[in-house]
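Input: a single structure, listed below in structure tokens.
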Amino acid sequence: MANEQLLRDRGIEPQVLDAAVSSLSQKKAFIAQLQIENSTGGETETDIAYMVFDPFAEYGIDLYLMFDRHSDAVDGFLQKTKYRDSLAKYMRVQHRLLTMGNQYDPASIQLDPDKGDSVISFGFASYGIPQDIAFFRFLRGQAFVNGNVLERIELVNEQSFMHGGSRYQNYRKVAYFTKTEDGSYLIDSYTITADGNRWGKSFRSVTKVKFIQYRDAEGHTVQLAPDMPVDFDEADFEAVRVKLDRTLPIWGKEIRKRGFDLPLPVGIQGIYRYQEDNIDFTSFTIDGSSDFELIFDPQGSGADVYTNMGGLRADLYVLPFLNFSAFVGKAKSNADLKIKTTDEFRDFIDWTGGDMPEFIDLNLDLNVNLAGVGMTTALGYKDIFGSLTASYAQSVTEGAGTSTNIWTLNPIAGYQFPEYRLRLLVGAEYVGINSEMLGTIEMEDGSQFDFNIGVTTNEWSGVLGIHKEFGSHMEFVLMYGRGEDRESFTATLGYRH
């Protein structure tokens, strides 16, 4: 692209811009020292670690952090463990970037109009940055060039942003480069300075990284800091290995290379659903006999059913476009039945007073247990996507011991706003159930009878909703559905890992 040519004309490959996001993108083994200082509410925590990255290991990519066993920089084992786990998590994100396309946006590369030929500015692509570090979309980069030599790249936020539960007011990353004999560039060092607020307290974080040694696939090394260690005695250093890519979803790496960020493969969600159904009756059977229809007419009879359901759902992405799920739930339904009477009704009960009622009203409270499985397939192009979810559930009514088979189908189309991790959803919902309502009615005198009521309802309704992601782990879905005979409201809060 013409924009990238601005860098190539100066002997700089555009991919060096990705090193401002991930040092692993240099595709060389390296050892680097990290010095971290975090200050919150007047208290300061410091630590020193060594990062070792080897993409040429016989068993695959190796990435681990070495900590001095004798360091008391961070007080307390639990505090140190929590801090170092978060550092390991950050390094996993850095590794994930290797499986994606360019992080920089080629169309954004341009000469800085205020600084002439010495500064080239750029931004980041909407699909090049995973959710874990989505805040990079709020950063603007500048590459400082002296003649045809790249000296440094600076990233500065253009607005405040939320990340990891904190509000960042100021973020600045400065990476310095060294030019090798073959004309390529390697990061010599970088510093990240961040200021913001967390839980009502101001904080400041400063991370300084110095690269000690690089090594290519042939074993050739470039030593940038000969006086710093490259060998670590296990007696003096503790290794924290970083768990890298996941087995699932299958073909996940290939999809990321095409510029798509995938959700984490395993999820669990809490679900609440409120639903109102308008049901028409088609037949009445009491204790196995349809004689009941002589006095009560199923045509014109019906029920309004109000259901509150809570449940848990677990899901797994086996393929990037294929998700399997299982769920359990418990529902409480209140059914207002209106039973239409016939002319024979008066004689049957020996009616003597006033006008004969046209309808008999009954109210049923039902407690129902549900369990089921589902499958979702999805596809997308840029900001537009579509999905189809099919599920089967069986409900068992407590007390009556009766069961109902429930089939659902949800075709959904949507549009996403990558900067806000927000999706707008529109589609339809099909709910197919048994064409009968089974249960038991207990009378005031203690007698009871079983009923079987034939039912019919319009199975389809339209749906509209939003899907909001908070980082890479939390998600919230809100859906509203409305059809001829059904109205529903569904809220889902989930965690992905």
Side-chain angles (χ1 to χ4, degrees), residues 19-26 28-54 62-95 133 135-136 139 151-157 163-164 166 168 170-178 186-196 198 202-215 222-242:
V21 181
S22 172
S23 53
L24 277 59
S25 66
Q26 300 175 104
K28 293 183 182 293
F30 63 76
I31 300 171
Q33 183 194 65
L34 294 79
Q35 298 184 44
I36 305 103
E37 181 177 294
N38 293 323
S39 301
T40 304
E43 298 182 359
T44 300
E45 304 169 354
T46 62
D47 205 354
I48 295 176
Y50 294 88
M51 176 171 53
V52 182
F53 174 60
D54 185 0
D62 201 2
L63 176 61
Y64 58 95
L65 300 165
M66 301 296 296
F67 294 91
D68 187 344
R69 293 183 182 274
H70 310 295
S71 173
D72 57 356
V74 178
D75 295 331
F77 173 77
L78 292 178
Q79 188 175 11
K80 181 181 294 187
T81 300
K82 180 180 178 181
Y83 165 72
R84 292 177 178 178
D85 283 349
S86 65
L87 185 58
K89 176 183 174 182
Y90 174 75
M91 295 313 303
R92 286 196 295 271
V93 177
Q94 296 288 299
H95 174 259
I133 51 173
F135 67 88
F136 268 80
L139 305 184
E151 291 185 338
R152 71 185 188 275
I153 293 178
E154 296 186 6
L155 304 179
V156 180
N157 64 309
H163 176 65
S166 301
Y168 286 77
N170 300 295
Y171 180 97
R172 182 182 183 87
K173 180 176 182 178
V174 183
Y176 294 90
F177 290 81
T178 185
L186 296 173
I187 301 177
D188 179 83
S189 63
Y190 68 80
T191 300
I192 300 175
T193 305
D195 297 283
R198 181 187 298 117
S202 61
F203 71 87
R204 181 178 179 83
S205 175
V206 179
T207 301
K208 298 179 180 180
V209 180
K210 172 61 181 176
F211 288 81
I212 303 170
Q213 182 190 84
Y214 285 96
R215 175 172 52 85
V222 176
Q223 202 77 20
L224 299 183
D227 57 330
M228 299 182 74
V230 293
D231 296 312
F232 302 96
D233 189 337
E234 290 186 2
D236 296 323
F237 288 90
E238 170 190 1
V240 176
R241 295 199 171 267
V242 179

Checklist entry - Aromatic rings F30 and F53: how do their planes relate, parallel, tilted or perpendicular, breaks at 30° and 60°? => result tilted

Checklist entry - What's the spacing between R204 CZ and N170 CG if we round to 0.5 Å? => result 8.5 Å

Checklist outcome for this item: S25 and S22 have their tightest heavy-atom pair at OG-O, 2.7 Å

Next on the checklist: Rounded to the nearest 0.5 Å, what separates atom CZ in R172 from atom CG in D195?
Outcome noted: 12.0 Å

Next on the checklist: Are there over 12 heavy-atom neighbours, none belonging to K210, within less than 6.0 Å of that residue's NZ?
Outcome noted: yes

Checklist entry - Are side-chain heavy atoms of D54 and R215 found at a separation under 4.5 Å? => result yes

Next on the checklist: Would you say that Q223 contacts V230 through its side chain, given a criterion of any heavy-atom pair below 4.5 Å between the two side chains?
Outcome noted: yes

Item to check | Ring center gap for F67 and F232 short of 6.0 angstrom | outcome: no

Item to check | Donor-acceptor contact present, side-chain N157 to main-chain Y171, <3.5 Å | outcome: yes

Next on the checklist: Any heavy-atom pair between the side chains of L224 and Y214 that's under 4.5 Å?
Outcome noted: yes

Checklist entry - Would I187 and F177 satisfy side-chain contact (heavy atoms from CB on, under 4.5 Å), going step by step from the backbone distance to the final call? => result CA-CA 4 Å; I187 301 177; F177 290 81; 3.7 Å; yes

Item to check | Sub-4.5 Å side-chain heavy-atom contact between F211 and T178 | outcome: no

Checklist entry - How long is the span from the CG atom in D231 to the CE atom in M66, to the nearest 0.5 Å? => result 10.5 Å

Item to check | Atom pair CD (Q35) and OG1 (T191), whose distance is rounded to the nearest 0.5 Å | outcome: 9.5 Å

Item to check | Under 3.5 Å donor-acceptor, K173 side chain and A20 backbone | outcome: yes

Checklist entry - Got a second to check how far S189's OG is from Q33's CD, nearest 0.5 Å? => result 11.5 Å

Item to check | Flag side-chain contact, heavy atom, 4.5 Å: N38 against E43 | outcome: no

Item to check | Reported CD1-to-NZ distance for the pair I48 and K208, which is rounded to 0.5 angstrom | outcome: 11.0 Å

